[in-house]
There are 2 protein chains.
Amino acid sequence: MKTKTSDSVEDYLKTIYDLTQNYGLATTSKIAEVLEVTPASVSGMIKKLASLQPALVVYRKHRGVILTPSGNKIALEIIRHHRLLELFLKESLGFSWDEVDEEADRLEHVISEEMEERIAQTLGDPVFDPHGDPIPTKDLLMPDHFFVCLNELRPGQGAIIRRVRDTDPDLLRYLSGKGVIPDARLIVIGYSHFDENIELKLNACEESVVLGPKITRQIFVEVLPDE
Amino acid sequence: MKTKTSDSVEDYLKTIYDLTQNYGLATTSKIAEVLEVTPASVSGMIKKLASLQPALVVYRKHRGVILTPSGNKIALEIIRHHRLLELFLKESLGFSWDEVDEEADRLEHVISEEMEERIAQTLGDPVFDPHGDPIPTKDLLMPDHFFVCLNELRPGQGAIIRRVRDTDPDLLRYLSGKGVIPDARLIVIGYSHFDENIELKLNACEESVVLGPKITRQIFVEVLPDE
DNA sequence: ACCCAATATTAGGCTAACCTAAATATTAAT
DNA sequence: ATTAATATTTAGGTTAGCCTAATATTGGGT
C-alpha cells in the first residue's frame, strides 16, 4: 500500500503546476514566495521530488523545474479537490468568492476520493469554480478554455467576464464591489497605452471602472462579436 | 498571535477526553491503542502536554492523565468539529453513518471557525450527530443526555435507541442491517445472565436480534413507560 | 568580456513526532 | 511478602520539513 504524499509535497506540486501555467516557468524563488518558505527550502524539496521513485519533477539546476507525468497527475488531483471544494463552499455553505481559496487550501489535502466524488455529484460535475478556473475532470483532464485576456481588449469591444485568476481576498472583494465577477457583461470604453490602464463599463453598474495591467492580466473574457 | 495546536496534539486531547468519559480514565496504553502509536510515544507526548504553558493535561506518572480546563476546551472544540462534520457529511453529501467518522477524523483539524459556524447553521444547530453523540454547543457546553445503557434493560422493557457509541464501520453496518439505529423502537424479549446477551425485537424488523455485552454497553436508549 | 546584482544551491542545524530497546513501577497471585 | 506479569517511562535514534549563513551560478549592463 503506497503511503499518501505529504501535504507539503502536494503544495509544491500544485504550485509548480500553477506557476508553469500562469507564469511560463516555475523558479525556485517564485515557488518560495507562493509557499511562504525560503528559497533554500525550495531547493531542498525540489531535489527530493526529483529523486523520488518515480520522480515527480525534472530538475536542471539553476534552470527551474517541470512536472513529470507522475507529478502532474498528483497536481491535477489536488487542483480538482481545490476547485471542487471552492465551488462547494460557495454553493452549499454560502461562502463568498474571496473566502473559498483559503479554506480549500486546507481541505484539499484531506478529503477522500469518495468525498470528492460526492461533491462533484452534488454540484452536477461542474466545469468551473467560482473564479472561473477550470476544474479537471475525474480522469484528470483539464477542460479547454479559450478565453482572451482582458488586457488585450481595446475601446469599443464588448465581452463577458469568464475568469478572475487571483486569490487575494482584498482584491476579489474590491472587484466584486465594482461588479467585476464571472458572467458580468462589459464594454471597454478607454485604454491608455502609457500605463496600460483599461476603463470598463459593466452592464450591471452605473459607474465605470479603471483597472491597471496587474489586474487586467488576471482577468479573462469571452469577446462578443461587434454589434 | 498564538499558533494553532498541531493535529497530533488535538488527537491526543480528543482521545483523552473520550477515554475519560467512556472508560473512566485515560491510561497510556489505551491512548496508544486508540491513536495507533506506541506507549512510549504517548508517554513522551503526555509529558510535553503537561509542561506546556498553559498545561493541557495533569499528569501523575503511572497514574493516567486528565485534561486541564485549557485542554478540555481544545478537546471540546475538536469534538464539536467532528460531530458537526459527521452530521453534515450524512445530511448534505449522503454519506452513510459508518463512513462519516473516518472522514471527520481528518476534516476536524482543518475547518475554520467560519466553516464550523456555517455548517451548524445549515444543520439548524443540531444537538446530536448521526450516532446520537451529543454535539457541544458553540460556547463548548456538552448537552446533557440522560439515556440508559441497553445492557441494563431486561425482558419486557420497551425503549427507543438514542445513541450507538462506536466507530467501527463493520459493526455499524452490521447494526444498521439489523435495524439497530438511533430512533428505532424496540422491546427486550430475552436476557441471559450467563453471557449477558440481550435479545431484542425491533419494531421495524421481523427478525429478533441477539446482542452481546460488548455491543450493548455501547448502545444507549430512552426507556419507554410500561404499557 | 567583465563584473555585479539577482537567483539558486549547499552546508549545517533545529523541532515535532514518531520509533525500538532497556529500565522501572505497579498490580495480582501465590 | 515476594514474584511474575503487565504497564509505563526513559534513553537514544530516525525522518520530514523547515531555517540561517555561506557559497556558487547566471545573466544583464557597461
Side-chain angles (χ1 to χ4, degrees), chain A residues 1-16 19-20 23-53 55-66 71 74-75 78 105-106 108-110, chain B residues 1-16 19-20 23-53 55-66 71 74-75 78 105-106 108-110:
Chain A
M1 79 192 77
K2 60 185 155 199
T3 171
K4 198 234 180 217
T5 63
S6 72
D7 291 6
S8 202
V9 167
E10 291 179 351
D11 281 337
Y12 277 91
L13 296 175
K14 181 178 72 152
T15 302
I16 293 165
L19 287 173
T20 307
Y23 219 79
L25 87 162
T27 64
T28 302
S29 48
K30 272 289 161 200
I31 297 168
E33 186 188 326
V34 173
L35 293 179
E36 299 184 277
V37 297
T38 61
S41 300
V42 175
S43 274
M45 178 60 98
I46 283 176
K47 201 169 11 164
K48 175 191 162 172
L49 295 178
S51 67
L52 285 177
Q53 198 50 244
L56 301 180
V57 302
V58 175
Y59 176 39
R60 288 177 53 215
K61 278 182 193 169
H62 297 277
R63 299 282 155 174
V65 69
I66 58 172
I74 298 173
I78 296 302
D105 269 344
R106 282 176 279 108
E108 65 190 9
H109 304 294
V110 303
Chain B
M1 81 192 78
K2 61 187 157 199
T3 170
K4 201 232 179 215
T5 63
S6 72
D7 291 6
S8 201
V9 167
E10 291 179 352
D11 281 337
Y12 276 91
L13 296 174
K14 181 178 73 154
T15 303
I16 293 166
L19 287 173
T20 308
Y23 216 80
L25 86 162
T27 65
T28 301
S29 47
K30 272 288 162 200
I31 297 168
E33 187 188 326
V34 173
L35 293 179
E36 300 183 278
V37 297
T38 62
S41 300
V42 176
S43 273
M45 178 59 98
I46 283 176
K47 200 166 16 158
K48 175 191 163 171
L49 296 178
S51 67
L52 284 178
Q53 197 51 245
L56 301 180
V57 304
V58 175
Y59 176 39
R60 288 177 53 213
K61 278 182 192 170
H62 296 278
R63 297 286 154 170
V65 70
I66 57 170
I74 297 172
I78 296 302
D105 269 345
R106 284 175 280 108
E108 65 190 8
H109 303 294
V110 304

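Throughout, a chain's letter reflects where its sequence line sits, starting with A, and its residues are numbered from 1. All values below were derived from every heavy atom in this structure, side-chain atoms included, with hydrogens, water molecules and symmetry-related copies excluded. Computed from a predicted model, the values in this text were never measured in an experiment.
- For S6(B), a side-chain nitrogen or oxygen approaches OP1 or OP2 of dA17(C) to under 4.0 Å.
- Here T38(B) lies in heavy-atom contact (under 4.0 Å) with a base.
- Under the 4.5 Å side-chain criterion, counting only non-hydrogen atoms from C-beta, V57(B) is in contact with I16(B).
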Practice item. Start with the C-alpha gap between T20(A) and L25(A), add the side-chain angles, then the distance that decides, and say whether side-chain contact (heavy atoms from CB on, under 4.5 Å) holds. Key: CA-CA 4 Å; T20(A) 307; L25(A) 87 162; over 6 Å; no

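- Regarding contacts with the backbone of dC18(C), every side-chain N or O of S41(B) stays at 4.0 angstrom or more from both OP1 and OP2.
- The backbone N or O of V37(B) lies less than 3.5 Å from no partner atom in the side chain of S41(B), so there is not a single donor-acceptor pair.
- Each of I74(B), V65(B), I31(B) was evaluated against Y12(B); a single residue qualifies, I31(B), per the side chain to side chain contact (heavy atoms under 4.5 Å, CB included) test.
- Taking side-chain N and O atoms only, K48(B) has a distance below 4.0 Å to OP1 or OP2 of dA17(C).
- For R60(A) and dA24(D), the CZ to P distance is 21 Å, given to the nearest whole Å.
- For dA8(C), neither phosphate oxygen OP1 nor OP2 lies less than 4.0 angstrom from any side-chain nitrogen or oxygen of Y59(A).
- Distance CG (L25(B)) to P (dT8(D)): 9 Å, rounded to an integer number of Å.
- The separation between K30(B) atom NZ and dT6(D) atom P is 15 Å, rounded to whole Å.
- Between dA7(D), dT10(C), dG27(D), one nucleotide has an atom nearer to the side chain of R63(A) than all others, and that is dG27(D).
- Residues of residues 8-15 of chain A that place a heavy atom closer than 4.0 Å to DNA chain C do not occur.
- At least one side-chain heavy atom of L56(A) sits under 4.5 Å from a side-chain heavy atom of V9(A).
- K61(A) has no side-chain polar atom (N or O) that falls below the 4.0 Å cut-off from OP1 or OP2 of dT7(C).
- Taking atom CG of L35(B) as the reference point, atom C1' of dA16(C) lies 16 Å away to the nearest angstrom.
- Across the protein-nucleic acid pair, L49(B) atom CG and dA17(C) atom C1' stand 12 Å apart, rounded to whole Å.
- Residue T28(B) has its side chain nearest to dT9(D) when only dA8(C), dT9(D), dT10(C) are considered.
- Between the C1' atom of dA7(D) and the CG atom of L19(B) lies a distance of 15 Å, rounded to the nearest Å.
- At whole-Å resolution of the value, CD1 in I46(A) and C1' in dT9(C) are 11 Å apart.
- The H62(A) side chain lies nearest to dT25(D) when the options are dT20(D), dT25(D), dT10(D).
- Using a 4.0 Å cut-off between charged side-chain N and carboxylate O, D7(A) and K14(A) make no salt bridge.
- Rounded to whole angstrom, the span from the CG atom of D7(A) across to the C1' atom of dA16(D) amounts to 12 Å.
- In this structure, S29(A) reaches the sugar-phosphate backbone alone: every heavy-atom distance under 4.0 Å involves primed, P, OP1 or OP2 atoms, never a base.
- You'll find the side chain of K4(A) reaches within 4.5 Å of the side chain of H109(A), heavy atoms only.
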Side-chain polar contacts of residues 42-53 of chain B - donor-acceptor pairs under 3.5 angstrom, sequence neighbours left out - could you list them?
from: S51(B); atom 1: OG; to: K47(B); atom 2: O; distance (Å): 3.3
from: S51(B); atom 1: OG; to: K48(B); atom 2: O; distance (Å): 3.1

